[in-house]
Enquirer: 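What follows is a single structure, and I will ask about it in a moment.
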There are 2 protein chains.
Amino acid sequence: MVEMNERKKGILKAVINEYILTAEPIGSRTISKKYKLDVSSATIRNEMADLEDLGYLQQPHTSAGRIPSDKGYRFYVDSLIDVERIPESFEEMIRKKYLERKKEVQNIVQVTSQMLSQLTRYTALVASPSSTDYYFQHLQLVPLEGKKITIIVVISSGLVQHQTLTLQHRPSREELGNISRLINDRLQGLPLGKISSEVLGQLERELKDHSIFRELYRSLLTVLTEEGLSQEWGKIHLDGATNILEQPEFSDLEKVKVFLKLFEQEDILRQLLNRIPAEGLQVVIGGEIPLQEMKDCSLVVADYSIQDTSVGKMAILGPTRMNYPKVIAAVNFMAEVISKVMREED
Amino acid sequence: MVEMNERKKGILKAVINEYILTAEPIGSRTISKKYKLDVSSATIRNEMADLEDLGYLQQPHTSAGRIPSDKGYRFYVDSLIDVERIPESFEEMIRKKYLERKKEVQNIVQVTSQMLSQLTRYTALVASPSSTDYYFQHLQLVPLEGKKITIIVVISSGLVQHQTLTLQHRPSREELGNISRLINDRLQGLPLGKISSEVLGQLERELKDHSIFRELYRSLLTVLTEEGLSQEWGKIHLDGATNILEQPEFSDLEKVKVFLKLFEQEDILRQLLNRIPAEGLQVVIGGEIPLQEMKDCSLVVADYSIQDTSVGKMAILGPTRMNYPKVIAAVNFMAEVISKVMREED
DNA sequence: TCTTAGCACTCCTCTGGTTAGAGTGCTAAG
DNA sequence: CTTAGCACTCTAACCAGAGGAGTGCTAAGA
């Protein structure tokens, strides 16, 4: 029975490194020449045959070089990888990027996915927090011209939802003040996940002498409850989609089509990220991805925190042949920077 | 000298219709068989040669059929096209789409581009209004926990901008009330285009005994002035980018790349739309588009109104070989529906 | 004078076969 | 156990030739 040994590990690592660079099957001669392993190509040939028996390498066809299998990549990621670090100097630059924009979830998500895709040259996915992580804080009814008013809801960490509607009659300032005070008293501090149509329904019954509430009802549903919020929250932000076009594995137009179509279906992407356990950094390789169409890709996923609570996930999607050290470093780095920036009290 | 006549027009129309359908060069035999023009293929051959001399048709190479030139399409669009109508019945459906979402510019733009790309199966571009079309209406300072406050600015037609910031000290309700009253008095009714850093600077000088204003200053800039607003406004929303992949003219991966990259550069798209005069519906064909990369495409552009004021543009981008009657109908229709929906007083 | 059948010609595209090259596995010697 | 040598395999690239679609031109017919 063949077994793994140090030399085999070295060869496996060399093959994978080389394949990541060239995207071409790697022959024994290439390895013996480029990497100083002090053995002949024939020896490497033998070892590579063993590595194939062990399932770490595979041949596209006889008389071609070897390419890594999913199992090979898995071993590489778990045991062979040289950890890279993103220079600390980047941190200040990226921190600035965050601070020069409005500090809202939508922006954080957007900037993060941009940074990630620029840093790695692959496709970045960032899931924004779902509403269940937040608390109701304050509601304000602002009268506009005529019969119009704007409902403004402030949610923990200064996130704001708003909606404009037209009432049956022009409301008095008093009227609005009264009703908003009542609503505020009732909802203060409730987690958004708990504010269901039931809670609002009950409130409606209690406030039935305030005819305005009936009119507000539908809008409040939109601004406060799960269903309404899901339109804006739990969104997936995607960046650098066209980066996949630079990868030789996507020189086939059909494949490109499949992917770009996939990218347009947010719910599928959201499901995908949700299915990956969210502790620290995860690498999901090839067939391990719960999406048949992505069997030739890998995902590097990490969760990020706002105010020290893990609220969302970010991921890089690239070919299985991706530059793991670089991508892992980038994702780790970004997750850390976000968490730092979002912990600060400014 | 050859001249245009009715038969030539009929043949040109037939060739273009057929080419729109098949994307293959059209031969004389195809025309004489499929379209009842009661002449032989030889006659059509002669006429087609004339149409080529006139510049309406061209041959990819001798011994191939003819394809329309830009000039051919132009003539077709201006004089030969059969106007289609989108069934009225769609209107109610689409109106619903608008009403079930929050009635904000961001949403209107988003829904519109979705509808357009679904209706036509090409790529839709919608430019949201630029801030200069709006007026300041109301500012509200909402205190949050600790030293945080949210600035909420309501702009004409119920559009809302907001930003959260942290002050040096916890402000009193009074303090906030005072300063917001002062700001409101000053800015009431001003067009956003007029609210420059000068206006705010002057306000700062006047309010120098209110130390808070100094802290608000930067945030107000972001929420109120051109530079800050441009981040969110004047945005281009794009939908159905992958629809171009279905077009045989994009079977070349290089072309696809160029386009998808282009689609990621919002400023270029914005410029593109801005350069097209905005009265009613415009068809811009092939080389007429002020972007070299799009010389094999056409644009169908229309402007849309909110409250009877033209504020933005929508466009369909497809190959020059696009189905003009259908696209023109769709764009016209959507522009009308928006304008109707946005004129109503609810 | 206009239309049309006929025909030679052009040019693209598709097919099949051949070749060059890269890489292998195996064998036998060091 | 390592390695040089060699026969073998398989692909990708190239090329030639056939097939076919479509043209332009000519000459005859209406």
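Reminder, nothing fancy here: chain letters follow the sequence lines and each chain counts from 1. Because the structure is predicted, anything quoted here is derived from the model rather than measured. Computed from heavy atoms alone, side chains included, the values below leave out hydrogens, waters and symmetry copies.
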Enquirer: Return each pair, listed once, that meets salt bridge (Lys or Arg N to Asp or Glu O under 4.0 Å) where at least one residue sits in residues 30-45 of chain B; pairs must be two or more places apart or across chains.
Expert: B:Glu18-B:Lys34

Enquirer: Who pairs with A:Thr112 by side chain to side chain donor-acceptor pair (under 3.5 Å), at least two apart in sequence or on another chain?
Expert: A:Tyr98

Enquirer: Whole-Å distance between C:dG25 P and A:Met48 CE?
Expert: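 Answer to the nearest Å: 9 Å.
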
Enquirer: Grab the NE2-C1' distance between A:His61 and D:dC8 for me, whole Å please.
Expert: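 After rounding, the gap between these two atoms is 14 Å.
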
Enquirer: What is the distance, to the nearest angstrom, from the CZ atom on A:Arg29 to the C1' atom on C:dG25?
Expert: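 Spelled out: CZ on A:Arg29 to C1' on C:dG25 is 17 Å.
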
Enquirer: Could you state the atom-to-atom distance from CD1 of B:Ile31 to C1' of D:dG22 in whole Å?
Expert: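 Atom CD1 in B:Ile31 sits about 13 Å away from atom C1' in D:dG22.
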
Enquirer: With respect to A:Ile328, which candidate in A:Thr120, A:Val283, A:Ile316 satisfies the side-chain contact (heavy atoms from CB on, under 4.5 Å) definition?
Expert: A:Val283

Enquirer: What's the CD-C1' distance between A:Glu6 and D:dC1, to the nearest Å?
Expert: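 It is 18 Å, rounded to the nearest whole Å.
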
Enquirer: Counting only non-hydrogen atoms, which of residues 247-256 of chain A are less than 4.0 Å from DNA chain C?
Expert: none

Enquirer: Looking at C:dT10, D:dG24, C:dG25, which one has an atom nearest to any side-chain atom of B:Thr62?
Expert: C:dT10

Enquirer: Quick one: salt bridge (Lys or Arg N to Asp or Glu O under 4.0 Å) pairs with a partner in residues 277-300 of chain B, sequence neighbours left out?
Expert: B:Arg74-B:Glu288, B:Lys255-B:Asp296

Enquirer: Heavy atoms, side chains only, cut-off 4.5 Å: are B:Thr43 and B:Ser40 in contact?
Expert: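 Yes; the side chains approach each other to less than 4.5 Å.
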
Enquirer: Quick check for you: to the nearest 0.5 Å, what is the distance between B:His237 atom NE2 and B:Met314 atom CE?
Expert: 13.5 Å

Enquirer: Starting the side chain at C-beta, find the nucleotide from D:dA21, C:dT24, D:dG24 nearest to A:Gln59.
Expert: C:dT24

Enquirer: From the options D:dT11, C:dG25, C:dC11, select the nucleotide whose nearest atom is closest to the side chain of A:Arg66.
Expert: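 Ranking D:dT11, C:dG25, C:dC11 by closest atom to the A:Arg66 side chain puts C:dG25 first.
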
Enquirer: Can you give the dot-bracket line for DNA chain C, using ( ) for pairs inside the strand, [ ] for pairs that cross earlier ones, | for pairs with another strand and . for unpaired bases, where Watson-Crick and G-U count if both distances are under 3.5 Å?
Expert: ||||||||||||||||||||||||||||||

Enquirer: Applying side chain to side chain contact (heavy atoms under 4.5 Å, CB included), can you list everything that pairs with A:Asn17, at least two apart in sequence or on another chain?
Expert: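 A:Asn17 satisfies side chain to side chain contact (heavy atoms under 4.5 Å, CB included) with A:Lys13, A:Tyr35, A:Tyr76 only.
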
Enquirer: What do the steps show when you test B:Lys9 against B:Glu6 for salt bridge (charged side-chain N to carboxylate O under 4.0 Å, His left out), and what is the final call?
Expert: CA-CA 5 Å; B:Lys9 285 187 192 173; B:Glu6 282 312 309; 3.4 Å; yes

Enquirer: Could you list the protein-to-nucleotides 28-30 of chain C atom pairs, N/O on both sides, closer than 3.5 Å?
Expert:
none

Enquirer: According to side chain to side chain donor-acceptor pair (under 3.5 Å), who are the partners of B:Asn332, at least two apart in sequence or on a separate chain?
Expert: none

Enquirer: Could you tell me whether the side chain of B:Met322 reaches within less than 4.5 Å of the side chain of B:Gln247, counting heavy atoms only?
Expert: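 Side chain of B:Gln247 against side chain of B:Met322, heavy atoms only: no contact under 4.5 Å found.
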
Enquirer: SG/A:Cys297 to CZ/A:Phe250 distance, rounded to the nearest 0.5 angstrom?
Expert: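 Going from SG on A:Cys297 over to CZ on A:Phe250, the span is 4.0 Å.
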
Enquirer: Applying side chain to side chain contact (heavy atoms under 4.5 Å, CB included), name anything that partners A:Ala315, two or more places apart in sequence or on another chain.
Expert: A:Leu125, A:Leu273, A:Leu299, A:Val301

Enquirer: Does some side-chain heavy atom of A:Glu47 sit less than 4.5 Å from a side-chain heavy atom of A:Val39?
Expert: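 No, side chains not in contact.
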
Enquirer: Roughly, in whole Å, what's the span from CD1 in A:Ile44 to C1' in D:dC1?
Expert: 15 Å

Enquirer: Enumerate all atom pairs, one protein N or O and one N or O from nucleotides 3-6 of chain D, separated by less than 3.5 Å.
Expert:
from, atom 1, to, atom 2, distance (Å)
D:dT3, OP2, A:Ser40, N, 2.9
D:dT3, OP2, A:Ser40, OG, 3.4
D:dT3, OP2, A:Thr43, OG1, 2.6
D:dT3, O5', A:Ser40, OG, 3.4
D:dG5, O6, A:Arg45, NH2, 3.2

Enquirer: Give a yes or no on whether a salt bridge exists between B:Lys326 and B:Glu84, defined as a side-chain N under 4.0 angstrom from a carboxylate O.
Expert: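 Salt bridge flag = no for B:Glu84 with B:Lys326.
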
Enquirer: Over how many whole Å does the gap from A:Lys8 atom NZ to D:dC1 atom P extend?
Expert: 10 Å

Enquirer: Using side chain to side chain contact (heavy atoms under 4.5 Å, CB included) as the criterion, list what pairs up with A:Ala49, not counting sequence neighbours.
Expert: A:Arg66

Enquirer: When B:Thr320 is tested against each of B:Ile20, B:Ile285, B:Ile67, B:Ile289 for side-chain contact (heavy atoms from CB on, under 4.5 Å), which residue passes?
Expert: B:Ile285

Enquirer: What are the residues of residues 17-26 of chain A, sorted by number, that bring a heavy atom to within less than 4.0 Å of DNA chain D?
Expert: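 Residues of residues 17-26 of chain A under 4.0 Å from DNA chain D: none.
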
Enquirer: In this structure, how many angstroms lie between the P atom of D:dG22 and the NZ atom of B:Lys34, rounded?
Expert: 12 Å

